[in-house]
Amino acid sequence: MEMVPSEEKQFVPKEIGSAAEEPRVLCIVQDTTNAKTVNERLTLNLPASTTVNKLYEDVAHKAGYVNGTFCLAWANTGNMAPLDQASEMSLVLSGFEAGKRNFLQLTDKDGEQPQIASDESGTADSSGLEDSSQDRFIGPLPRDGTVGCSSDYSSPSYSYSSILNKSDTGYVGLVNQAMTCYLNSLLQTLFMTPEFRNALYNWEFEESEEDPVNSIPYQLQRLFVLLQTSKKRAIETTDVTRSFGWDSSEAWQQHDVQELCRVMFDALEQKWKQTEQADLINQLYQGKLKDYVRCLECGYESWRIDTYLDIPLVIRPFGASQAFGSVEEALQAFIQPETLDGPNQYFCERCKKKCDARKGLRFLHFPYLLTLQLKRFDFDYTTMHRIKLNDRMTFPEELDMSPFIDVEDEKSPQTESCTDSGAENEGSCHSDQMSNDFSTDDAVDEGICLDNTSSTERVLKPKSSLTFELFSVMVHSGSAAGGHYYACIKSFSDSQWYSFNDQHVSKITQDDIRKTYGGSSGSRGYYSSAFASSTNAYMLMYRLKDPSRNAKFLEVEDFPEHIKRLMQREKESEEQEKRQREIERNTCKIKLFCMHPVKMMMVENKLEVHKDKTLGEATEMAYKLMDLEGVVPLDCCRLVKYDEFHEYLERSYEGEEDMPMGLLLGGVKSSYMFDLLLEIRRPDQVFQPYKPGEVMVKVHVVDLKSESIAAPVSVRAYLNQTITEFKQLIAQATGLCAETMRVVLERCYNDLRLLYVPNKTLKAEGFFRSNKVFVESSDSTDHQAVFTDSVLWKLLDRHGNTIRLFVSLPEQSPGSLANRTSCPKANADSEDSLEGAEGSRKSVEAILEESTEKLKNLSLQQQQQQQQQSSSTSDSQKSSEHSDFEHIESPAQEPDAASQSSQMENCTRAASDTENQFPSEERSDSDANNDRSTSSVDSDILSSSHSSDTLCNADSGPLPLANGLDSHSITSSRRSKAHEGKKETWDTAEEDSGTDSEYDENGKRKADSQYLYFKAEPYSQEDGSGEGQKCLLVHVDKRITLAAFKQNLEPFVGVPSTQFKVFRVYANNQEFESVRLNETLSSFSDDNKITIRLGRALKKGEYRVKVYQLLVNDPEPCKFLLDTVFAKGMTVRQSKEELLPQLKDQCKLDLSIDRFRLRKKTWKNPGTVFLDYHVYEEDINISSNWEVFLEVLEESERMKSMSQLAVLTRRWCPAQMKLEAFREVVLESSSVEELKEKLSELSGIPLENLEFAKGRGTFPCDISVLEIHQDLDWNPKVSTLNVWPLYICDDGAVIFYRDSTEELMELSEEERNELMKKESSRLLKTGHRVSYSPRKEKALKIYLDGGPTKDPGQD
């Protein structure tokens, strides 16, 4: 907990002030209230003392608005909170930056357009506004021409924030959820259709029958009411999509607008089923056509009647190089009959033979609202990709459909068929275009009251008026892979065209409509559409011109009562939202921190306080927010300005308890450059004032005698203070003597700098907001030493580089220890003497107890004597910072052996290799850390971010940092001096394998060249059985090498370092072996866990290898066998010879050397077969923790040469619906012909009937028997295997083959379902995805029951 010093310990230096000339503030204002002004900018260069109120006046004057009718908000931020217009604060205090560009947005106020200064009313008619932008502009003129529909979408000022500003057209836009522009286009078209909108308003929702959230008609009704009456620029469509049963993921799926139209109409019909007026969609949008075939010999005609909701028109006929030039041409081609002759002759029922015939379509009736879909999306069979046809196709504003209707009378009603089955010909609009995929719902809603004539009267008689008026063009901009939809719609109120581009609504002209024809100037032949504009019409809607039926929009006063009630509810909801938004605009949201006195940790929260609340009220809110009631009194808490990143207390607010928070924080902002800290004091303390311009210094007092570093004391100073003044300040705070004081600044992680120049300022020495210093004041001779050679430096250096590790020791039975000969640690002070069997039988507990006891008995005087004899550059002796274990003899040695200097020789033990007893998940950390690309220097840099909260003290053990605000790391990324001159190489096999020798060129152990701090103490970790796991708590200098670290662990493990392995344990408890002996522990950080396992460590040039058995016909084809060691230069046959006894002993596999092979393993995929003469590292690349497959052979090895190819083949039997077992085929070349011959010999299938296909995915390339027959690419037209689409260049490829004359078994529905369940279960067990009707795109569905069913097999 951060406690301030008492009254007498306030150390506040004199305040320093400076004056400067008043700077200026550059304000750039974007007017987002008008579609035509959104690209314009207003620039104001104001004095920094200008108030926010004056800024509003200047902007109003320059923009031509009435002051008080608009708001100014920060641009480029997520928060739209406006600046307080009544504020008298200066721009600088309000968050503006002098000398920089400050971007603002001019927005509406309370959802209403700003009033123009020359306009007295400032209001707009709901039906539309006059374009008066030319009269109201001050400054830059608007762009020439009218804003077009296409330019709106590509405008760089397209901004979500503009939804708050209503369009000057009077129409409301729709917010694009993510990729729902296709939905917005259709909804706006339906809204602008008077007959549909009025009919929807006349329908009344009964809440007792259905949940309003799931009612599609009700949510459409709400949306239409908001579109007609809202003051917003744009409204959300989330309630509508929620009624569709869609979740948020659907917003990221773009679909076809024509498909949505069909699906939505079907959903509405389902919702309105069995009601009085359930036929609304058919009344408005359904037409009829005749699908006929007429015999050309006898004139007999067979036909059927089908219905349609839209007419799909082909842009370019299949195989043609020219597209149709107009909608009229495409309609004529739609009804143009084709002749069935030759092999396509028609069997005439009357002639009783095949005859030439004419097949075609005739329109019988056209709907009141005619929908034309221009089929711009096609498939290119050359590139095998979907394409978009951008060819030019004109469409008239008035379309006469009388030339396209059938003049014959209808046939008898009993012969009509209004199903959606459709005809089979290319031109049919039913079979694939009229079928919908819905889940049905029997829920019934009230019908729609539509006063229309009867069905017989609605029939459009031939030759009557069939003139249709264009009123909606749905435009697609982009390619077949994706794009953007928007709608150009003509209002039937004023015959004006508008562009509805998501939230942007603007006026357009006939010229803009003509731009959506598509195409380009000039002819480029077949590829003309590739060079054309990608923005063109996709769906057209026409309305029949019939004054007796053409309706007008219902006015607000003519709304039905239930709609008026709905409108009132929506208006109240919008007002409530506005009030809530106003509260949000005036709420300051800032991070709040507090060192909690009970939890003893820094707690973070978010303080939300109204700008008018006082500091005292905000303190009480923060007090409750941090759960301090009953813990500390309120008057012991205060809010101070705080910089959490630098842990810096910027200032306190003495005497400002009644100041509003808006003024203290500089206004309401989306984010603040500072935080607040709830500071707590003890009742007997007084709060220390914090003044701006001060810096915080954490002072750690160092005691050289006890080698301890105390918890920090906080001192505040000024940057222009000298070192002498700073020392006096510290002396007052700590009681130390300033004359003998040494001050060391840690500028960054363990970058130590002695402050010795008396008149130098703190700023010149590199002080910043928050600083960390170490001070020492004693009369020792250490002052006279060079700083880098002093005891102080070495203590701080050790302090900064020491990390704490938890080491788990291996379990050792007495029997295993008795069989080992103990070997003491070899160093210059040890004696070549062994204690024999008695010493070797000592348990780990005894070793730990003896080592700890001897550590405690070491005197500080002995350490200091050795320190005086040591040299700063000598590697043969150890300084006082080094581990006390250098004075501890091995448990197998006599205590009086310290004076001897002879080296130990022949200290070997007969330790059994137990590495195969450990789990197969163990991997090398050289693999985990990508050693070939990351050097140890990188590891140092990465590790420097880890912090350590302990100080390593030989006498008192770990000391936690007392100051919660001080989280500076005490770790360091500096390298050991012993390795500065060593050049590290990373591209040799030995270095990459991590198998460096423990000895240098002179035969001396590398760990002996320099000794670094190492201290270990036992601790017990309880496991599930109640027995404690034998563990060590190790404090070690992270610059120590792995080899030296292992040697220090020898007395505790009980075996030489060559006989145990070190595994690093990561957060997921996965273990990785550390094998690079010459690397330091710099990649380790505090509290890392290490596991020691018994087993032979690798020698130079050796690699640990995991051997797996390949069982191609087993459900689990990959089975772990054992761990072994391969060496560089070893042949494959030699490695097989070494494997034989291990396989027999450990896996009970008695094999002969010629009856198994080794092959490459890539995850679970079998690869290249290794031949006996291949040499590791020469012919076969090998790395640490390498994995290899062992495959048992039924016969002697047939692979003798690298030119051969071994493939795994599997026969598919369609008549039995089963796959046979894998069988290997060895090819002499990559010839497809040879593969077929070998498969024919193997299976007996005649060569001309044999078909093959390459398996998909990874081995074993599992596929459902319900899919394999049609989904694989059977019989590819290639002559060799190593070309596209096979690309079989290595051993292990999977080939399926079959007899082309074998018929597929016919299955009943029950048999198919049963087989589907079995296949699904089988493939899920093997981890393969099951998909019986694969889709590349997610199907568009509207769920009538509120959402999709949670079926795992569902798409």
Residues T722 and N759: closest non-hydrogen pair is CG2-O, 3.8 Å
Considering all heavy atoms of both residues, which atom of L1049 and which atom of I1092 are nearest to each other, and what is their separation?
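Of all heavy-atom pairs spanning L1049 and I1092, the closest is CD1-CD1, 3.9 Å.
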How about [X] and [Y]: are their ring centres within less than 6.0 Å of each other?
| X | Y | result |
| --- | --- | --- |
| Y1013 | H1035 | no |
| F674 | Y642 | no |
| Y756 | F787 | no |
| Y1066 | F1072 | yes |

Does the side chain of T1080 pick up a donor-acceptor pair with the side chain of S1082 at under 3.5 Å?
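Yes - a donor-acceptor pair under 3.5 Å links their side chains.
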No-hydrogen, no-angle side-chain donor-acceptor test under 3.5 Å, Q1047 and S1057
no
Between [X] and [Y], does any side-chain N to carboxylate O distance fall below 4.0 Å?
| X | Y | result |
| --- | --- | --- |
| E1073 | R1093 | no |
| R1064 | E1071 | no |
| D1037 | R1039 | yes |

Checking side chain to side chain contact (heavy atoms under 4.5 Å, CB included) for the pair V744/L796: CA distance, chi angles, key distance, verdict?
CA-CA 9 Å; V744 180; L796 295 179; 4.0 Å; yes
Angle between ring planes, F1052 versus F1014, binned at 30° and 60°: parallel, tilted or perpendicular?
tilted
With a cut-off of under 6.0 Å to the ring centre and 45° to the axis, is K641 in cation-pi contact with Y690?
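No - K641 does not lie over the ring of Y690 by the 6.0 Å and 45° rule.
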